[in-house]
Q: 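Below is one structure. I have some questions about it.
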Amino acid sequence: MNAQNTEEQLQAEIKKLQLQLEEAHGTIEAMEEAKVEAVKLNDILEDAVAARAKDLSVSQEHFMLLANNIPQITWTNLSSGRFNFFNQRWYDYTGLSFDATFEESWDNIIHPDDLPATREKFNHCMKTGEIFEIENRYKRNDGIYRWHLNRSIPLRNENHELLFWVGTATDIDDQRKSIEKKDEFIGIASHELKTPLTSLKAYLQLISNYKKEVVPGQVKTFIVKAESSICKLQNLVNDLLDVSKIQAGKLDFVQSPLSIKELIATCAEHAGYMFPDYNIIFNPGADVKINGNTERLEQVLMNLINNAVKYSPLHKDIILSFTKEGNQVRISVTDYGIGLSTSQLDKIFERFYRVDVKNRIASGLGMGLYISMEIIKNHKGTIGVQSRINKGSTFYILLPLLS
Ligand code: ADP
């Protein structure tokens with residue numbers, strides 16, 4: 001290699017290094033600029049995070065204020081059933097601390113009489129995801145139990161997966177007490193009414209059987225009318241008594257084997273006398289037997305027939321029937337009257353429920369179906385209805401067959 005070549009090479013090398021140095025300067029400058037930008041960005045981000053955190057703490061504060069001050073106890077629990085939040089109202093009401101709340105067994109908070117039903121309903125809802133709703137008594141910090149209406153709904157995400165449950169307990173003790181007072185009053189009043197009514201009926205029977213002197217025909221007609229009015233009054237008083245017995249959990253009756261064919265035939269015969277304008281149709285098939293109380297089941301069937309007549313003023317056919325369905329019997333009472341809408345169907349078995357006042361075509365107090373349902377429940381059966389507005393209704397009863 002000669003000396004000239006070496007110098008040229010060195011010059012080229014130096015130039016290359018100078019270029020690299022310049023590039024490096026450029027990079028360093030860019031980096032410094034970027035650093036300044038990054039610092040600025042960081043400041044902006046920090047400000048944003050601080051603002052967001054402030055917003056969050058304000059909304060959390062807002063949420064806690066709301067949760068703690070709504071006039072109800074609220075809670076949340078996980079899908080496993082484990083509770084993870086109670087609002088301040090809970091701690092104030094029960095007098096329990098946070099730790100005690102989560103350690104305390106339900107047995108020490110819920111009234112012993114309400115505990116089994118509460119547990120059963122809660123476990124059922126946790127399993128099925130159905131809305132939890134029950135009335136029960138919670139022990140207050142002074143040891144007194146007060147009635148609460150509990151409602152809890154499952155919250156789900158967009159994939160319909162259950163996130164957690166949100167529940168509330170509303171104090172309904174005052175309402176419950178006034179309902180209990182009213183029930184007690186109805187019980188006493190109907191009992192007091194029953195005695196004079198029974199003797200009135202007995203005196204009227206004595207008068208109608210009076211043979212010593214000739215009773216004028218018009219007086220006889222008045223006696224028949226008075227007897228019919230007294231029967232209606234007696235039915236009303238008996239219904240009121242039944243309602244108060246149901247409320248007190250005392251609607252007891254003995255049960256023994258009975259024939260369904262005979263039961264319905266007896267009611268069809270009564271109905272034939274009572275409603276001579278109507279065609280009471282009953283074409284029985286092979287008989288079946290159940291365990292039940294004849295008097296109470298007659299009461300249910302007569303109530304259904306009575307309703308079929310009341311709510312079917314134009315079409316006079318009423319069909320009674322029964323069929324065996326597995327280990328049950330289905331008894332049906334069909335009319336072709338005014339029928340019921342879907343929204344009414346859900347309510348007609350409630351106590352004192354009557355369909356819209358404007359459309360009332362018959363008198364009544366809305367007790368018959370409620371009493372019927374309780375009697376059927378006591379027979380371990382079910383009662384229901386299929387109906388269409390202006391087409392008619394079929395009320396049915398399912399009862400377990402005698403095994
Ligand atoms: P009541 O007939 O004394 O009002 P019920 O408890 O027997 O009380 O019936 C409740 C309500 O259900 C009635 O007010 C009526 O509106 C409705 N209902 C009952 N049976 C029938 C029927 N066969 N057709 C149409 N509506 C009916």
Side-chain angles (χ1 to χ4, degrees), residues 179 182-183 186-187 189-190 193 197 228-247 251 264 267-268 270-272 274-275 277-282 295-322 330-379 381-398:
I179 291 172
K182 189 189 71 199
D183 287 340
I186 292 175
S190 42
L193 283 166
L197 260 181
S228 138
S229 296
I230 283 194
C231 273
K232 279 187 191 152
L233 252 178
Q234 252 187 338
N235 285 340
L236 273 177
V237 170
N238 286 340
D239 276 359
L240 280 170
L241 260 178
D242 280 349
V243 168
S244 61
K245 276 188 202 156
I246 292 168
Q247 290 313 112
L251 189 80
I264 305 178
C267 294
H270 285 329
M274 284 167 74
F275 311 112
D277 300 347
Y278 282 76
N279 309 316
I280 313 290
I281 302 159
F282 176 47
E295 213 177 296
R296 286 296 183 177
L297 289 174
E298 275 181 16
Q299 180 183 351
V300 172
L301 276 178
M302 288 314 293
N303 176 48
L304 296 184
I305 298 171
N306 201 19
N307 278 349
V309 168
K310 271 203 301 191
Y311 301 107
S312 184
L314 301 177
H315 297 85
K316 309 278 181 182
D317 284 353
I318 290 165
I319 303 171
L320 311 182
S321 66
F322 70 92
R330 175 186 284 263
I331 304 172
S332 305
V333 177
T334 300
D335 67 65
Y336 301 94
I338 61 167
L340 291 151
S341 68
T342 323
S343 62
Q344 292 161 351
L345 288 180
D346 299 336
K347 303 201 188 97
I348 53 169
F349 293 96
E350 285 170 17
R351 187 164 63 129
F352 307 134
Y353 177 80
R354 304 209 66 221
V355 169
D356 199 5
V357 186
K358 291 191 292 286
N359 301 328
R360 271 188 203 166
I361 61 164
S363 65
L365 291 175
M367 294 186 286
L369 288 179
Y370 170 70
I371 297 169
S372 300
M373 191 176 71
E374 290 299 321
I375 293 174
I376 297 301
K377 272 204 258 173
N378 277 13
H379 280 85
T382 45
I383 182 166
V385 57
Q386 283 149 349
S387 185
R388 275 170 66 204
I389 281 280
N390 295 328
K391 294 273 182 245
S393 314
T394 294
F395 281 80
Y396 64 87
I397 299 162
L398 291 167

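Note that ligands are numbered from 1 as they come in the structure, with each ligand's atoms numbered from 1 the same way.
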Q: Is there a heavy atom of F349 sitting under 4.0 angstrom from any atom of ligand 1?
A: no
Q: Would a distance-only check, ignoring hydrogens and angles, find a side-chain to backbone donor-acceptor pair under 3.5 Å from S387 to G392?
A: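 It does hold such a pair.
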Q: Would you find more than 12 non-hydrogen atoms of other residues, nucleotides or ligands less than 6.0 Å from K182 atom NZ?
A: yes
Q: Is the shortest heavy-atom distance from the side chain of L340 to the side chain of Y311 under 4.5 Å?
A: no
Q: Do me a favour and list the nearest non-hydrogen protein atom to atom 23 (N) of ligand 1 with residue, atom name and distance?
A: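 Nearest protein contact, heavy atoms only, for atom 23 (N) of ligand 1 is D335 OD2, 2.9 Å.
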Q: Atoms of ligand 1 less than 4.0 Å from K310 heavy atoms?
A: 1 (P), 2 (O), 3 (O)
Q: Check whether D335 reaches the backbone of I318 with its side chain - one donor and one acceptor, N or O, closer than 3.5 Å.
A: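 Answer holds: no.
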Q: Please confirm whether S393 approaches ligand 1 to less than 4.0 Å, judged on its heavy atoms.
A: yes
Q: To check your reading of the model: name the closest protein heavy atom to atom 24 (N) of ligand 1, its residue, and the distance in Å.
A: Y311 CB, 3.4 Å
Q: Among all protein heavy atoms, pick the one closest to atom 19 (C) of ligand 1 and tell me residue, atom and distance.
A: N307 ND2, 3.5 Å
Q: Is the shortest distance from a Lys or Arg side-chain nitrogen in R296 or D242 to a carboxylate oxygen in the other one below 4.0 Å?
A: yes
Q: Which bit of M367 is near ligand 1, meaning a heavy atom under 4.0 Å away: side chain, backbone, both or neither?
A: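 The part of M367 near ligand 1 is the backbone, not the side chain.
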Q: Report yes if G368 has an N/O atom closer than 3.5 Å to an N/O atom of ligand 1; otherwise report no.
A: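 Right, the criterion is met.
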Q: Side chains of N238 and Q299: do they bring a donor and an acceptor to under 3.5 Å?
A: no
Q: Out of I389, I371, I348, who is nearest to atom 17 (C) of ligand 1 when you count heavy atoms only?
A: I348
Q: Is the ring pair F322/F282 parallel, tilted or perpendicular, if the boundaries are 30 and 60 degrees?
A: tilted
Q: As a check for students: among G366, S341, G337, identify the option with a heavy atom nearest to atom 8 (O) of ligand 1.
A: G366
Q: Give me the nearest non-hydrogen protein atom to atom 4 (O) of ligand 1 as residue plus atom name, then the distance to 0.1 Å.
A: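 Going by distance alone, atom 4 (O) of ligand 1 is nearest to R354 NE, 2.5 Å.
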Q: What residue and heavy atom of the protein are closest to atom 16 (O) of ligand 1, and at what distance?
A: V355 CG2, 3.0 Å
Q: Taking only non-hydrogen atoms of Q344, do any sit less than 4.0 angstrom from ligand 1?
A: no
Q: I want to know if ligand 1 touches L369 in the polar sense, i.e. an N/O pair below 3.5 angstrom.
A: yes
Q: Show the atoms of ligand 1 that are less than 4.0 angstrom away from any heavy atom in L365.
A: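 Answer for ligand 1: 3 (O).
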Q: Examine the proximity of ligand 1 to L304 and report which part, side chain or backbone, both or neither, has a heavy atom under 4.0 Å away.
A: neither
Q: Distance under 4.0 Å to a non-hydrogen atom of G339: what atoms of ligand 1 satisfy this?
A: 25 (C)
Q: Using a 4.5 Å cut-off on heavy atoms from C-beta on, say whether the side chain of L240 contacts that of M367.
A: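 A side-chain contact exists here, since the closest heavy-atom pair is under 4.5 Å.
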Q: Using atom types as modelled, flag every donor-acceptor pair under 3.5 Å from a side chain in residues 369-377 to any protein atom, sequence neighbours excluded.
A:
{"unit_1": "Y370", "atom_1": "OH", "unit_2": "Q247", "atom_2": "OE1", "d": "2.4"}
{"unit_1": "S372", "atom_1": "OG", "unit_2": "N303", "atom_2": "ND2", "d": "3.0"}
{"unit_1": "S372", "atom_1": "OG", "unit_2": "G368", "atom_2": "O", "d": "2.8"}
{"unit_1": "E374", "atom_1": "OE2", "unit_2": "K377", "atom_2": "NZ", "d": "3.3"}

Q: With sequence neighbours excluded, tell me which residues meet side-chain hydrogen bond (donor to acceptor under 3.5 Å, both in side chains) with S341.
A: S343, Q344
Q: When you measure from the side chain of Y278 to the backbone of A308, do you find a donor-acceptor pair of N or O atoms at a distance under 3.5 Å?
A: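 Not a single qualifying donor-acceptor pair exists.
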Q: Do the side chain of S312 and the main chain of V309 share a donor and acceptor less than 3.5 angstrom apart?
A: no
Q: Using a 4.0 Å heavy-atom cut-off, say whether Y353 meets ligand 1 through its side chain, its backbone, both or neither.
A: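 Looking at Y353 and ligand 1, just backbone atoms fall under 4.0 Å.
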Q: Can you check whether Y370 has an N/O within less than 3.5 Å of an N/O in ligand 1?
A: no
